[in-house]
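Every chain is numbered from 1, with letters handed out A, B, ... down the list of sequences.
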Amino acid sequence: MTTNPPDAANANDGDWGAIHDRRASEALILDIDGFEGPLDLLLTLGRTQKVDLKRISIQQLAEQYLGFVEQARKLRIELAADYLVMAAWLAFLKSRLLLPPDPADEGPSGEELAAHLAFQLERLAAMREAAAKIMARDRIGQDRFVRGIPEDLTTAKRITYSASLIELMQAYARIRTRDDFRPYVMDREDVFTLEEALEGMRGLIGYAGDWTTLESYIPEGWRGTPQRRRAATAATFAAALELVKSGRAELRQSETFAPITLRRRDDRT
Amino acid sequence: MTDQSDDPSLFRAPPLAEQERMVEAMLFASAEPLTTREMEARMPHGSDAAEAMVLLRKRYEGRGVQVVRVGEAWAIRTAADLGFLMSREQVETRRLSRAAVETLAIIAYHQPVTRAEIEEIRGVSVSRGTIDQLIEQGWVRFGRRKMTPGRPVTFVVTEEFLDHFGLETTRDLPGLKELREAGLLENRPLEGAVRVVGEDDEDGEAPPPEDQEDMFED
Amino acid sequence: MTDQSDDPSLFRAPPLAEQERMVEAMLFASAEPLTTREMEARMPHGSDAAEAMVLLRKRYEGRGVQVVRVGEAWAIRTAADLGFLMSREQVETRRLSRAAVETLAIIAYHQPVTRAEIEEIRGVSVSRGTIDQLIEQGWVRFGRRKMTPGRPVTFVVTEEFLDHFGLETTRDLPGLKELREAGLLENRPLEGAVRVVGEDDEDGEAPPPEDQEDMFED
């Protein structure tokens, strides 16, 4: 008893063309790494239709592609995700092309989608051809040559600086007479800023449950010269007002020019 | 300095024949193309490099070396038919991958073109390395950003590309006119068309459906 | 190549004009001078490079480039009278920065002066670049080291400085009183002269006011 292996039986059933086609598609599958993505594969499949790309049957192409994916699956070849995306889309396109258009459907019709795919294939094929034409041109270093002993066409950039004697003297005078312009100088050494005062008081106010004089918040080192004391007093007073405003302290003065005192404001009362 | 300024020769440009000698010397000396402006900057005051170039170009017609235009610049290159003599000078250029060659062609024909547009045409994502390779080769550079959402960068081909492939301008790309007439240089995205790449494209968005008809009417 | 060897035209030397084109292209592209023998080895069989060279030499007579003999070999070189086109110096004049003018003034008035002293007088630190710039310009040079601890280098102004500013010696520089009398003291400090003391001051306090007059009375 002789039994043909199933493959051979199938081969006998089909005609030569079918075998040829199958072999070709298997060859494609084995060459899957050689493809630059699904569009490239479609283009290759499309070429088997042996027609002008403009008149390619997208429906037939979709079937070829789906057949290819099917084959790959049978041969347990992992296809990259984008090949599967293309397969799903082509299946959708095929159904769109087969069914009568649904007037409620938004977006392009199946024909429009098919025409666009044909355009994409044609464009890709055109770019391939153009690339080949470019690469076949007379190229530098192969057909055309540049000067073998180029000379340096140098451009030395020299920067010179200009300055006049007057500028020089004015600059010197400016440096040497800086002190003459003291009124214009912001001397920060004797400035106690509101920020500094606030920072200091925020740290201390928590402890001031009882009325404490504002003066006691003036930091050490700012009570000496009148100038410094004045600056620090003003800043501390302003900072105290800020704390009152934000509800963190209370301020009290018994009479005009009497010492100003403040204490923490207890939220819970 | 002042005593020389009376010398009229300083204010008279040299004869054109002399200017022709000058542009000839400069173009011979330089391996890179030179613009007439660059040449004029080196020539005596009042010189007209462009006019001198007309003479020079004519002089070298049919010779073993030729004066060629490269974009805005000029260069002297050996005649292509004599390439066989230069086997010793031949430079082994790194073979570009198929992806790189295609990408280069797409940039040349579609420039300025965004990466998303290149991907749309090729149907695959363009690896960073492919464009880097072309930039490194000196054939591609960044163009202006596109004024579309996301302001994507664009790519254009360089003067070196033109020089390398013997093109005067990008208008001389082979088959450009036919491709344009066939509408194959258009970028016409279609809503609902398959997108196998470009989930992260900002500029790859298809236009809203109401614009669609317009897109096809050009 | 081998399949072409049957072609009878290969055994007939090309016309001399064609040979002239060939030697021209080879000399242009070659990185080193070529002997007629080397050229002939590359040319079609039966060519006479020496004869082609006679034509080529004549053709380039009086041109911007010339065919010259280098030992036993030939090369194309720029005509000697056009060498000036190859190198060009572009001079750009810039205004000296405020920091540089001040530093220069201090060096002029106080030389020899150390960097620490300059900083003390200016009230701000002096960047390395500022002094370098003045040295490069040729206005300042290194003086003798000071015989103080650390033996710091000093800076002095150069002859070129005196020349540029039209001074015979630095003693000619006017003092503060003269500057004031000459109306050279501005009524108010220039914008930016307002200096918050201690901001970028490394050396701290400016010298006490009583020293000031002395500095000018030399």
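- Chosen from B:Glu178, B:Gln66, B:Arg42, B:Glu32, the residue pairing most often with chain A at heavy-atom distances under 4.5 Å is B:Arg42.
- Between A:Arg139 and B:Phe165 the shortest side-chain heavy-atom distance falls below 4.5 Å.
- A distance-only check finds no donor-acceptor pair linking the side chain of A:Arg147 to the backbone of B:Ser30 [under 3.5 Å].
- Residue B:Val124 comes nearest to A:Pro38 through the heavy atom pair CG1-CD, 4.5 Å, listed as atom of the first residue, atom of the second, then distance.
- When each of A:Ile140, A:Asp138, A:Leu113, A:Leu93 is checked for heavy-atom pairs under 4.5 Å with chain B, A:Ile140 comes out on top.
- Here the NE2 atom belonging to B:His164 is positioned 11.0 Å from the CD1 atom belonging to A:Ile134, to the nearest 0.5 angstrom.
- Of the listed residues (A:Met135, A:Glu122, A:Met127), the greatest number of heavy-atom pairs within a distance under 4.5 Å of chain B belongs to A:Met127.
- Of all the listed residues (B:Leu34, B:Leu185, B:Leu173, B:Leu167), the one sharing the greatest number of non-hydrogen pairs under 4.5 Å with chain A is B:Leu167.
- Between the CD1 atom in B:Ile106 and the CZ atom in A:Arg128 there is a gap of 8.5 Å [rounded to 0.5 Å].
- With a 4.5 angstrom heavy-atom cutoff, B:Leu27 does not touch chain A via any of its atoms.
- Taken to the nearest 0.5 Å, the CG atom of B:Asp81 stands 10.5 Å off from the CG atom of A:Asp143.
- In the displayed structure, A:Gln60 atom CD is contacted under 6.0 Å by more than 12 heavy atoms of other residues, nucleotides or ligands.
- Counting only distance, with no hydrogens or angles, the side chain of A:Arg137 and the backbone of B:Gly166 share a donor-acceptor pair below 3.5 Å.
- Between the CD1 atom of A:Ile149 and the CZ atom of B:Phe28 there is a distance of 11.5 Å, given to the nearest 0.5 Å.
- Contacts of A:Arg144 with chain B are made by both backbone and side-chain atoms, with heavy-atom separations under 4.5 Å.
- Within 6.0 Å of CD on A:Glu129 lie no more than 12 heavy atoms contributed by other residues, nucleotides or ligands.
- Heavy atoms of B:Tyr109 lying under 4.5 Å from chain A belong exclusively to its side chain.
- Rounding to the nearest 0.5 Å places CG of A:Leu39 at 8.5 Å from CD of B:Glu120.
- For chain A, the nearby part of B:Leu96 is the side chain; its heavy atoms alone come within less than 4.5 Å.
- Atom CZ in A:Arg123 sits 6.0 Å away from atom NE2 in B:His110 (nearest 0.5 Å).
- Among B:Ala105, B:Ala41, B:Ala75, the residue with the largest count of heavy-atom pairs under 4.5 Å with chain A is B:Ala105.
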Derivation and outcome, salt bridge (charged side-chain N to carboxylate O under 4.0 Å, His left out), residues B:Arg98 and A:Asp40 | CA-CA 12 Å; B:Arg98 182 167 153 201; A:Asp40 183 28; 3.0 Å; yes
